[in-house]
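Labels below follow one simple rule: chain letters A, B, ... track the order of the sequence lines, proteins then strands, and each chain is numbered from 1. In what follows, every heavy atom counts, from backbone to side chain, and hydrogens, waters and symmetry copies are set aside. Here the structure is a predicted model, which is why all the values come from computation and not from measurement.
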Amino acid sequence: MAEQFIGKASEFKDGDRQIVRIGEDEIGVFKHEGAFYAYSNFCLHQGGPACEGLTIANVEERLRPDKTSMGLHFTDQMNFVCPWHGYEYDMKTGCHVKDKSVKLRKYDVVTKGNDVYVVA
Amino acid sequence: MSSPRTKKAAPKAAKPSTKAAKPAIKASRAASKPASDEGMTGRDKANFIKAMMEGIAPKDASGKRPPIKVEAPKKVEILRKISAPTPVERKSNPLSDEALKFAARLEEKFANGDFEALTPEATQALMTAICKLYSANAEAGNKFPVVKDRFSVTGTDAMILCGALLKAVDLQVFELGMWQSWSGI
């Protein structure tokens with residue numbers, strides 16, 4: 001495992017991402033709320049490009065005390081969705097939103113000055 | 001009671017066993033000799049025995065060490081860059097400012113679970129006006145995302161409204177698909 005240079009931090013706006021191939025691994029690097037996250041671009045469902053779909057906040061249905069709906073609302077948790085079949089992963093952990101045991105391989109991201117490295 | 005003499009005798013008794021070990025080593029050295037000594041000089045034999053006892057020298061042709069595998073540096077290739085959607089350019093006019101304030105009030109009502117902030121009649125009027133305005137802009141080439149970002153409207157909300165709009169004008173999803181492929185809008 002070594003640090004692999006993937007780009008300049010200034011080239012990433014918040015919400016941007018980059019798909020890189022490092023050796024045999026294909027990795028999606030996200031910038032979200034100022035932090036970098038990197039995951040395997042190989043969906044655990046059927047091998048789709050997990051990091052290339054929509055990024056969308058988690059949706060929850062809020063309920064009143066009597067269990068009637070207050071409508072669907074977005075939460076602060078950001079997810080990314082595999083474009084093939086809609087497998088949805090938490091941006092900060094790489095876990096599937098409903099089944100935490102399903103987890104994408106996570107890579108460490110190191111920033112040194114303006115340089116961004118993925119440890120792979 | 002043991003005398004000092006008997007104590008000294010014990011090490012002496014051990015000596016024969018160490019002496020007995022030496023012939024065993026000699027025997028193993030003899031066994032390590034090649035089966036055929038033909039063509040070997042005395043120096044070759046000495047070198048052979050030395051090699052057997054000390055191990056094969058690293059530079060010996062028959063004992064080359066396997067080359068140490070050095071991991072090649074991994075190739076980094078940037079495949080795709082996906083940019084975050086850019087927000088629409090903000091232009092201000094009195095009606096838009098009023099609409100923004102009104103929308104914010106409605107959002108606040110919705111967040112508190114108040115779905116009846118607008119009467120059905122008011123909702124219909126607002127929906128009709130917005131539908132016409134957005135479509136006219138799109139047909140005129142002034143295209144912009146219909147909602148601010150991906151966190152404005154859920155997929156369920158969008159499907160419910162789309163379905164209701166299609167039903168209101170008696171259209172099927174198939175017809176929508178055909179029209180989209182013809183018009184390119």
Side-chain angles (χ1 to χ4, degrees), chain A residues 1-8 11-32 41 49 51-66 68-81 83 86 88 116-120, chain B residues 68-90 102-120 122-123 126-127 130 144-165 173:
Chain A
M1 301 284 268
E3 292 174 0
Q4 310 287 350
F5 175 75
I6 57 128
K8 297 282 182 190
E11 292 170 359
F12 282 85
K13 293 196 306 288
D14 214 56
D16 282 359
R17 60 199 134 142
Q18 193 162 289
I19 311 298
V20 294
R21 184 180 288 134
I22 299 177
E24 299 289 312
D25 305 332
E26 200 169 297
I27 301 167
V29 184
F30 297 84
K31 187 177 183 186
H32 171 60
N41 192 29
C51 302
E52 296 182 45
L54 288 171
T55 54
I56 184 168
N58 201 37
V59 178
E60 66 177 15
E61 185 166 18
R62 292 181 193 155
L63 300 176
R64 293 190 184 89
D66 63 354
T68 55
S69 175
M70 286 176 70
L72 299 172
H73 297 263
F74 289 108
T75 67
D76 293 335
Q77 180 188 319
M78 184 61 76
N79 300 330
F80 56 96
V81 187
E88 202 165 328
V116 184
Y117 299 85
V118 170
V119 182
Chain B
I68 299 165
K69 286 182 182 174
V70 179
E71 199 178 336
K74 289 179 179 174
K75 190 181 170 190
V76 179
E77 191 183 350
I78 294 169
L79 301 176
R80 285 171 287 284
K81 286 184 179 180
I82 303 167
S83 299
T86 46
V88 291
E89 192 185 349
R90 189 163 188 181
F102 181 62
R105 281 174 60 199
L106 280 182
E107 288 278 3
E108 195 183 332
K109 293 275 184 188
F110 172 72
N112 295 327
D114 183 3
F115 301 160
E116 294 170 354
L118 285 182
T119 62
T123 308
L126 207 56
M127 194 70 72
I130 292 293
F144 51 87
V146 71
V147 288
K148 189 182 168 190
D149 51 35
R150 282 295 292 131
F151 332 117
S152 304
V153 172
T154 67
T156 308
D157 296 337
M159 284 192 282
I160 290 172
L161 181 60
C162 287
L165 283 172
V173 177

Using a plain distance cut of 3.5 Å, could you tabulate donor-acceptor pairs between chain B and chain A?
| residue | atom | partner | partner atom | Å |
| --- | --- | --- | --- | --- |
| B:Lys75 | O | A:Gly23 | N | 3.0 |
| B:Glu77 | N | A:Arg21 | O | 2.8 |
| B:Glu77 | O | A:Arg21 | N | 2.6 |
| B:Glu77 | OE1 | A:Arg21 | NH1 | 3.2 |
| B:Leu79 | N | A:Ile19 | O | 2.7 |
| B:Arg80 | N | A:Ile19 | O | 3.2 |
| B:Arg80 | O | A:Ile19 | N | 2.7 |
| B:Arg80 | NE | A:Glu52 | OE1 | 2.9 |
| B:Arg80 | NE | A:Glu52 | OE2 | 3.4 |
| B:Arg80 | NH2 | A:Glu52 | OE2 | 2.9 |
| B:Ile82 | N | A:Arg17 | O | 2.8 |
| B:Ile82 | O | A:Arg17 | N | 2.8 |
| B:Ala84 | N | A:Asp16 | OD1 | 2.6 |
| B:Gly113 | O | A:Arg64 | NH2 | 2.5 |

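Contact tally against chain B (heavy-atom pairs below 4.5 Å) for A:Ile27, A:Val20, A:Val29: the top residue is A:Val20.
Partners of B:Phe144 according to the ring pair (Phe, Tyr, Trp, His ring centres under 6.0 Å) rule, which considers only residues two or more places apart in sequence or in another chain, are B:Tyr134. In terms of the ring pair (Phe, Tyr, Trp, His ring centres under 6.0 Å) criterion, residue partners of A:Phe80 (sequence neighbours excluded) are, by chain and number, A:Phe30, A:Tyr39, A:Tyr89. Take A:Ala57 and apply the side-chain contact (heavy atoms from CB on, under 4.5 Å) test, not counting sequence neighbours, and it matches A:Phe74, B:Phe151.
Contact of B:Phe110 with chain A is made through backbone and side chain together, with heavy-atom distances under 4.5 Å.
To the nearest 0.5 angstrom, A:Ile6 atom CD1 is 7.0 Å from B:Ile78 atom CD1.
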